[in-house]
Amino acid sequence: MFEVSQDKIDFYRENGFVQFDDVVTPGKLEELREAVGDVMAADSERSTGQSPNGAYYKVLNQKVNAWRDSAAVAKFTLHPRFAEIARRLSGADGIRLFHDHALWKMPGDSKPTPWHQDMPYWPMNEPGALSIWLTLDDVDENNGCMMFVPGSHKVGKLAGINLVEPQNLFDYAKGTGIDQTKPVIVRMKAGSATFHHGLTFHYAHANGTDKPRRVLAVIYMPDGTTFSGRQHIVTVDTAFREGDLLKGRMFPVLAKR
Ligand code: SIN
Ligand code: NI
C-alpha cells in the first residue's frame with residue numbers, strides 16, 4: 001500500500017492541512033484537465049445552481065460529483081492511492097467518498113473564496129472528513145491559491161459562512177487563540193495538492209488573471225460517519241434519516257486498513 005511519511009501525518013494533525021507535490025504525472029494531468037473541462041462544458045444538473053451572471057459564479061464555478069459524468073474523472077476521484085493518503089492522515093480504519101467537485105475560479109470580476117470551514121456545510125455528525133484540493137494549474141496569489149490558518153481545525157465547528165456575502169469567520173473564533181495574522185499561503189505547481197481537514201480555516205484568493213483557475217477537489221469521510229439530517233446537494237435524493245450511516249453506491253469505501 002501507498003506509504004505516507006509520519007512527518008506528513010504529524011504535520012496534518014498539528015496544522016490541519018498538508019501539501020503533497022506532483023501527485024499526478026504530467027500525462028495524467030493533461031487527461032484530467034481535458035476530462036474536467038468536458039464535464040464543466042456539459043450542461044448538467046450537477047452545477048450548483050449558479051449562472052454566469054450570478055454572484056456565486058464570481059467566487060466559484062462549481063460542478064458537484066464530476067465523477068458521475070466522466071470515467072476519466074472517476075479514475076482520480078475513486079483512486080485508492082489518494083483515498084489511502086486521506087485514510088492515513090485522518091487515522092480512520094476506512095475511508096469513503098463523500099463527493100467530488102470541480103472548482104473553477106473564473107477570470108473577470110473574480111472574488112476570493114472567503115475564510116470558512118467546510119464541515120458546517122456537510123451533513124455529518126462526526127468530525128474527521130477532509131478534502132484533497134488538486135490543482136490543474138500553477139497557483140499563487142494572482143489566480144486563486146489557498147491560505148490556511150495552522151491549527152484552526154482544533155477550535156471545533158463554528159458557523160457556516162455565506163460564500164457570497166461572507167460573515168467574518170474570525171468573529172466566531174474570538175477567545176480561541178486563532179491568529180488571523182499568520183495564515184500560510186500555499187503556492188503550488190499544477191499536479192500538486194493539499195489535503196485539508198473539514199474544520200481548518202481556509203481562503204482562496206481572487207483570480208486576477210485572464211484564465212480560469214482549475215481545481216478538482218475530493219471530499220473523503222471516515223467509514224462510520226453518520227448523517228446529521230441537514231440536507232446537502234449529494235444527499236437530497238437519498239432516504240437517509242438522521243443518525244444513519246452514510247453509505248451506499250454514492251459513498252463507496254475507497255480505502256481500508
Ligand atoms: C476554492 O477552491 O476557491 C475554495 C476551495 C475550498 O473552499 O475548499
Ligand atoms: Ni472550503
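Any value given below was found using the heavy atoms of this structure, including those in side chains, with hydrogens, waters and symmetry copies removed. Indexing begins at 1, ligand by ligand and atom by atom, following the structure's order.
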**Q** Once you measure the plane-to-plane angle for F170 and W115, does it fall in the parallel (<30°), tilted (30-60°) or perpendicular (>60°) bin?
**A** perpendicular
**Q** Does even one non-hydrogen atom of V215 get within less than 4.0 Å of ligand 1?
**A**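 False for this residue.
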**Q** At less than 4.0 angstrom from any non-hydrogen atom of L60, what atoms of ligand 1 do you find?
**A** 1 (C), 3 (O)
**Q** Going by an N to O cut-off under 4.0 Å, is there a salt bridge joining E242 and R230?
**A** no
**Q** Show me which atoms of ligand 1 lie under 4.0 Å from any heavy atom of L103.
**A**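 Counting atoms of ligand 1 from 1, those under 4.0 Å from L103 are 2 (O), 5 (C).
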**Q** Closer than 3.5 angstrom, by distance alone: can the side chain of N207 be matched with the main-chain N or O of T209 as a donor-acceptor pair?
**A** yes
**Q** In terms of relative ring orientation, are H116 and Y121 parallel, tilted or perpendicular, with 30° and 60° separating the classes?
**A**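 Rings of H116 and Y121: tilted, 30 to 60°.
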**Q** Report the angle formed at the Ni ion (ligand 2) by atom OD1 of D118 and atom NE2 of H202, rounding to the nearest 10°.
**A** 100°
**Q** Quick one: which ligand 1 atoms are inside 4.0 Å of a heavy atom on A204?
**A** 1 (C), 3 (O)
**Q** For atom 8 (O) of ligand 1, find the nearest protein heavy atom and state the residue, atom name and distance (0.1 Å precision).
**A** H202 NE2, 3.2 Å
**Q** Is it true that Y220 and F82 have ring centroids separated by less than 6.0 Å?
**A**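 No, ring centres 6.0 Å or more apart.
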**Q** Just checking: H116, one of its N/O/S atoms, less than 2.8 Å away from the Ni ion (ligand 2), yes or no?
**A** yes
**Q** Could you find the nearest protein heavy atom to atom 5 (C) of ligand 1 and give me its residue, atom name and distance?
**A**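 For atom 5 (C) of ligand 1, the nearest protein heavy atom comes out as W133 NE1, 3.5 Å.
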**Q** Within ligand 1, which atoms have a heavy atom of H196 less than 4.0 Å away?
**A**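 Counting atoms of ligand 1 from 1, those under 4.0 Å from H196 are 8 (O).
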**Q** Will you find, in the side chains of N125 and T226, an N or O donor that is under 3.5 Å from an N or O acceptor?
**A** yes
**Q** Taking the six-membered ring for Trp and the single ring otherwise, decide whether the centroids of H196 and F148 are under 6.0 Å apart.
**A**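 Yes - the distance between ring centres of H196 and F148 falls below the 6.0 Å cut-off.
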